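Each ligand, and each atom within it, is numbered from 1 in the order the structure gives. Keep in mind it's a predicted model, so treat the numbers as computed, not measured. The residues of the chain are indexed from 1 along the displayed sequence.
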Amino acid sequence: EKGGHPDFMIKEILEQPRVVRDTLVGRLTGTGELDIDELGLTYEELDLIDRVYVIACGTSYHAGLIANNLIEAWARIPCEVEAASEFRYRNPIITPTTLVVAVSQSGETADTLAAIRDARIKGAKVFGITNVVGSPVARESDGVIYTKANKEIAVASTKSFIGQVVSLTLLALLLAQVKGKMNTRQVKLLFHELGDTAEQIQWIFDTQQEAIHEAALACKDAHSALFVGRGMGAAISYEGALKLKEISYLHAEAYAAGEMKHGPIALIDPGFPVIAVTTKSPVYDKTVSNLKECEARGAKIIAVATEGDEDIKQIADHVIYIPPVRDAFSPITATVPLQLLAREVALMRGCDVDQPRNLAKSVTVE
Ligand code: M6R
């Protein structure tokens, strides 16, 4: 069942290039229209959408952080992302032109389900992103995109996250197209670049294992670690920190790098691990300057950087490279080394990476 791999987690991590390809198969028609499983809404209805909430839990929430960036940047629709357990207990502004996007691997997370039921009663349109065909989230949404991760067994989500991010990217492209913010040519270009991330993930597997192993050795005995980044890098950091704490029981927090000086930097003492997402992006220089402040206080810096960036070696103790990629798509590749890092650290600490303590694969009770 594990296909010769020592655990399900690594089997599922290594499947991610396939997940990207399968999630995209058949999604772009010859005329450049995006083809969604069950759109459930007409283009006219989509065009009227003036507010989007992405609601989810855990790793799926982190996929939502990325969607939030893309929907606002590309479709220019105000978008908020919120934990389903919060959303359901407040009184969000919902009208018939509100779109609620529910993201759930299992499609049966209690809080997410309760949130969409409530949102529909209040008149919102609901769109589900799920990995399980016919799951409650799929059944109770107006439209659905199925991630093609196939069954995920390890409690820590890896391949389903990649499927979610790819699917949410499609949704953001669709909204941008319907809203007239992108033409067919632009959509096609981005669609093909999105597909290229499959090979880019494979490149990480083929070339970065040793660097990841060294980085894991550098943080395995720490009591705590900080993950930092800006923009997409911040979203990736949240997911990296969750993965690490969930399977290795090493305390980890993520911060938008610009927040460091507002408190967290007090934690830094010599040897403290700071895992930084410093891929090339419009905020690269800002992130590097935040890292210099950590370096000056003795932090041990592990950077996830863009291949070819030699300068980063001046401040980072360990560098893990990803291939050059458009910032919008960086979460798809840059998250992968953090999944591998978390798994290596967990194994070095003697943890069961597939079945972490206190956690269940699907959280069907509140
Ligand atoms: O099935 P869902 O996507 O709704 O599950 C949400 C979370 O419970 C899940 O992502 C959880 O955080 C994972 N264990 C993270 O690896």
Problem set entry | Closest protein heavy atom (residue, atom, distance) for atom 7 (C) of ligand 1 | C57 O, 3.7 Å
Exercise. Do R349 and Y249 meet the cation-pi criteria used here (NZ or CZ under 6.0 Å from the six-membered ring centre, within 45° of the axis)?
Worked result: no
Exercise. Nearest protein heavy atom to atom 8 (O) of ligand 1, by residue and atom, and its distance?
Worked result: V363 CG2, 4.1 Å
Exercise. At what distance is the nearest protein heavy atom to atom 13 (C) of ligand 1, and which residue and atom is it?
Worked result: E246 OE2, 3.4 Å
For this session: For A156, counting its heavy atoms only, list the atoms of ligand 1 lying under 4.0 Å from any of them.
Result: 16 (O)
For this session: Using only heavy-atom distances, determine whether the side chains of S281 and T279 contain a donor-acceptor pair under 3.5 Å.
Result: no
Exercise. Where is the nearest protein heavy atom to atom 5 (O) of ligand 1: which residue, which atom, and how far?
Worked result: T109 OG1, 3.6 Å
For this session: Can you sort out which atoms of ligand 1 are near S104, meaning under 4.0 Å from one of its heavy atoms?
Result: 1 (O), 2 (P), 3 (O), 4 (O)
Exercise. Salt-bridged, K11 to E1, with N to O below 4.0 Å?
Worked result: no
For this session: Just jot down the ligand 1 atoms closer than 4.0 angstrom to any heavy atom of T59, in number order.
Result: 10 (O), 12 (O), 15 (C), 16 (O)
Exercise. Which of the numbered atoms in ligand 1 are below 4.0 angstrom from a heavy atom of S60?
Worked result: 2 (P), 3 (O), 10 (O)
Exercise. If you round to the nearest 0.5 Å, how far is CG of L34 from CG of L171?
Worked result: 9.5 Å
Problem set entry | ligand 1 contacted by V155 (non-hydrogen, < 4.0 Å) | yes
Problem set entry | Protein contact to atom 1 (O) of ligand 1 [nearest heavy atom, distance to 0.1 Å] | S106 OG, 2.7 Å
Problem set entry | pair K280-D309: side-chain heavy atoms closer than 4.5 Å | yes
Exercise. With backbone taken as N, CA, C and O and side chain as the heavy atoms from C-beta onward, which portion of K243 lies under 4.0 Å from ligand 1: side chain, backbone, both, or neither?
Worked result: side chain
Exercise. Can we say R88 and E366 salt-bridge, meaning some charged N sits less than 4.0 Å from an Asp/Glu carboxylate O?
Worked result: yes
Exercise. Is there a donor-acceptor contact under 3.5 Å linking the side chains of Q339 and Q16?
Worked result: yes
For this session: Work out whether the distance between some heavy atom of S362 and some atom of ligand 1 is less than 4.0 Å.
Result: no
Exercise. So, are R90 and E82 salt-bridged, with charged N and O less than 4.0 Å apart?
Worked result: yes
For this session: With heavy atoms only and a cut-off of under 4.0 Å, state how K361 meets ligand 1: side chain, backbone, both or neither.
Result: neither
For this session: Could you tell me whether R117 and E140 make a salt bridge, using a distance below 4.0 angstrom between a side-chain N and a carboxylate O?
Result: yes
